Structures are given as C-alpha cells and as structure tokens.
2 protein chains.
Amino acid sequence: MTVDREESARTLLEVVPIIMQGIRLEMRNRRLLDLTVPQFRVLAFVNRNKGSSLWEVANHVGLTPPSMSRLVDGLIARGLMARKDDPDDRRRVQLTVTGRGQAILETVTQGTLSYLADKLGDLDADKREAIDNAMEALRTVFAIPHGDGR
Amino acid sequence: MTVDREESARTLLEVVPIIMQGIRLEMRNRRLLDLTVPQFRVLAFVNRNKGSSLWEVANHVGLTPPSMSRLVDGLIARGLMARKDDPDDRRRVQLTVTGRGQAILETVTQGTLSYLADKLGDLDADKREAIDNAMEALRTVFAIPHGDGR
DNA sequence: TTAAATAGTTGTAATATCTAATTATTAGCA
DNA sequence: TGCTAATAATTAGATATTACAACTATTTAA
C-alpha cells in the first residue's frame, strides 16, 4: 500500500474535524453540566496540573490570556474551578478544579468515552490496534505528553 | 499489545482536539483569506456537492439551519459562495462555490495540508501507514464518505 | 532604584451560535 | 379540489466566545 505524506495529511483533514464534531455535540448535549470543548480541556489540564498559571492553560488550549481569563471566570462562576494568588509570585494565579468541577469533568469524560468507545466497538481488534498505533504516532508528532493532553 | 475500546477512546479524546487546534490555528492565520473551520467545511462540502440545500450543509457541518444561514451570508458577502432558488422546490436554495471561493478553498487546503504533511514528515513510512489504516477505520465508523468530508 | 519585562484583568468590538417566531412553499388527505 | 400539516429558509433577539489594546500589579535586572 502506498502511503505518501500528502495523502495521509488529506485523510487527516477529512476525518479529524468530523470526529471532533461528534465529541463536541456529545459534550454539549448534557443538560446543565454541558461543557464546551475548550472548557473541558481547561478542566482536564488543570486537574492534572494543579496550580497551573493562567498562561500555562491558555498556551495549552490555544487561547489568548484574555480569553482564558474570561473562560476561567465562567468556570469559577459555575463553581467548577478556583483561583488563588501564587504566594511565590503574586502576579500569578494558581488554578485548581473544585470537587464539583472534578465530578462534572468525570461525568462528561465518561459520557464522551462511552460515545467514542461505542463507535469503536464496531471495529475488530486489529483495526483498534491500528488506531492506537496511529494515535501514539500523532501524539509524538504533535508533542502531546502522555496522559496529559485533551 | 492490549487494545481495549476504552483505552482507544481515551487516546482519541486526548489526541484529536490537539490536532484540531493545530488545524484551526493554521486556517485562521493567513491574512485576508482566513477561514474558520466551519467556513472551510462548508466550502469544501458545497464544492463537492454543488447545489446543496442549506439543510444538507447544516446537517453535514453540525450547525442549526439559522446558524448556517448566517454563516453562508458571510461567505456570500465575501464573494466565496452564491445562493439561488431551486426551480423544482422554491422553498429550497441551491448553494454553490464561486471561482474566488474555490481559489481560497484551494489555498487554505494546500496550506493546511502542508502544515499536516510537515508534521507527518517526522514519521517513518510504517507509522504513516498505521495512520492511514486508522483513519480509514475511523472514516467508516464515523460514516464519512470517501473524498468528501472535511 | 528605577526601567523593562511579565502575569493577569478589563474595556470594547466583532463573531458565532442558539431558540423562537415568521414567511413561503409543498405535500397529504378528506 | 381546497384546507391542514409539514418542510425550508430566514429574521429577531439573546448569549457565548474570542480577539486586540490598554491598564494594573508585581518582579527582574541594569
């Protein structure tokens, strides 16, 4: 089978946005505890990197600091995150996920995983292994640390 | 190597949003001819399905008809698409991409493919083959017709 | 010890997106 | 046939999201 970079790129460009669309719909369609994808990514990142600064989160998620400041405002207003001053550098803030935030993160994560696992359930094991291998390769290429991303 | 559905799903959920973020930044960062991802997907879909109705495009891209109506307004205002009445059913509208729209679509597509191909260039052929196989599997699972999606 | 750099927030504006209501047209059926 | 229901699209109105520029507070370093 011929595998040239251009063709692989084209396939990625066709497939990735549609998977993303499924993930987005899944996350938004749960009454009251819905999250946008950026909100989800912020919660997941901060949950794994407790005490992250605003800049770190903004950088990870790909938003500007002002946008992230407002996004965090919203999550704090919903009681999902907390912001406190960094005692070592009082310009910085330390972000954390509240218990309630963790609960919602967990629920949304599980729901989304079920959605995806359900889709993947139609595939036989070797296809799923191909997906795992591919994602592993893509993970390195897009510089995503293990068990971190989202 | 153990490959269970749950684990594959988790990996997808970690990796896909980050690839998407790269695609989004790439598409937006070209002065004057920038497109949002939904705009890009609309142009790509209509270009391959000339005369699509508003509902068909909205359905494909995952937006409501009112949102799509406004999105299309914007693309028409930029001279990238045209809207005309369907003679067979005058409730419907037939959407097409203008020459200018095709040109911009082409440029943005090529730019994004270069971005992706560049990333993929760091991988050896068997990794790229794994990616192709995985995308092929995902394509069927998410019901993405060949050479269509975006 | 003050100028420059850094972290974050606020002001303002442009998009993007939704639900509900409205208009126009077609389809179904008694 | 003629009326009702269904469908396709748009408009109205509201809310979210996001950006850039300007500002405040704090730290670094010359």
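Convention: sequence-line order gives letters A, B, ...; per-chain numbering from 1. The shown structure was predicted, so the numbers you read here are calculated from the model rather than taken from an experiment. Because only heavy atoms are used, hydrogens play no part in the values below, and waters and symmetry mates are left out as well, while side chains stay in.
Pair check for C/dT2 finds D/dA29; Watson-Crick or G-U wobble, both atom distances under 3.5 Å. A 3.5 Å limit on both hydrogen-bonding distances identifies D/dA21 as the Watson-Crick or G-U partner of C/dT10.
Listed nucleotides: C/dA16, C/dA5, D/dT11. Nearest to the side chain of B/T36: C/dA16. The nucleotide whose nearest atom lies closest to any side-chain atom of A/L71 is, among D/dT18, D/dT10, C/dT17, D/dT18. If you check D/dT26, C/dT25, C/dG11 against the side chain of A/R70, the one that comes closest is C/dG11. Minimum atom distance to the side chain of B/V93 is reached by D/dA9, of the listed C/dT25, D/dT18, D/dA9. Between D/dT11, D/dT18, C/dA16, one nucleotide has an atom nearer to the side chain of B/S69 than all others, and that is D/dT11. Of the candidate nucleotides C/dT26, C/dA7, C/dT10, C/dT26 has the atom nearest to the side chain of B/R91.
Ion pairing between a basic and an acidic side chain is recognised when a charged N comes within 4.0 Å of a carboxylate O; A/R83 and A/D73 show such pairing. B/R28 has a carboxylate O that lies under 4.0 Å from a charged side-chain N of B/D34, or vice versa, which qualifies the two as a salt bridge. Salt bridge present: B/E6 and B/R10 bring a charged side-chain N and a carboxylate O closer than 4.0 Å.
Residue A/W55 is not grouped with residue A/I76 when hydrophobic side chains (ILVMFWY) are merged at heavy-atom distances under 4.5 angstrom, including chains of intermediate members.
In this model, the phosphate group of D/dT18 is not approached by any side-chain N or O of A/S67 to a distance below 4.0 Å at OP1 or OP2. At C/dA24, none of the side-chain N or O atoms of B/R90 fall inside 4.0 Å of OP1 or OP2 (strictly under the cut-off). The phosphate of D/dA19 has OP1 or OP2 within less than 4.0 Å of a side-chain N or O from A/T64.
Using a 4.0 Å heavy-atom criterion, one finds that A/Q39 contacts the sugar-phosphate atoms exclusively. B/R24 comes within 4.0 angstrom of no nucleic acid atom, judged by non-hydrogen atoms across all strands.
The nearest whole Å value for the distance from the CG atom in A/N59 to the C1' atom in C/dG8 is 15 Å. Taking atom CZ of A/R92 as the reference point, atom P of D/dT28 lies 10 Å away to the nearest angstrom. Computed from coordinates, the A/W55 CH2 to C/dA5 C1' distance equals 14 Å when rounded to whole Å. Rounded to a whole Å, the CG atom of B/D73 is 12 Å from the P atom of C/dA16. A straight line from CG of A/D89 to C1' of D/dA25 spans 10 Å, rounded to a whole angstrom. Computed from coordinates, the A/M68 CE to D/dA19 P distance equals 9 Å when rounded to whole Å. Rounded to an integer number of Å, the gap from A/D88 CG to D/dT28 C1' is 15 Å. Whole-Å rounding puts the B/D34 CG to D/dA19 P distance at 13 Å.
For A/P38 and B/S52, each mapped to the nucleotide of DNA chain D holding its nearest heavy atom, the one lying further toward the 5' end belongs to B/S52.
In this model, a donor atom of one side chain and an acceptor atom of the other lie less than 3.5 Å apart for A/N47 and A/Q102.
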>> Before you tell me yes or no, could you show the steps for B/L71 and B/Q39 under side chain to side chain contact (heavy atoms under 4.5 Å, CB included), namely the whole-Å CA-CA distance, both residues' side-chain angles and the distance that decides it to 0.1 Å?
In response: CA-CA 7 Å; B/L71 189 159; B/Q39 285 169 343; 4.1 Å; yes
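Shown here, D/dA16 is classed syn by the O4'-C1'-N9-C4 or O4'-C1'-N1-C2 angle, which is within 90° of 0.
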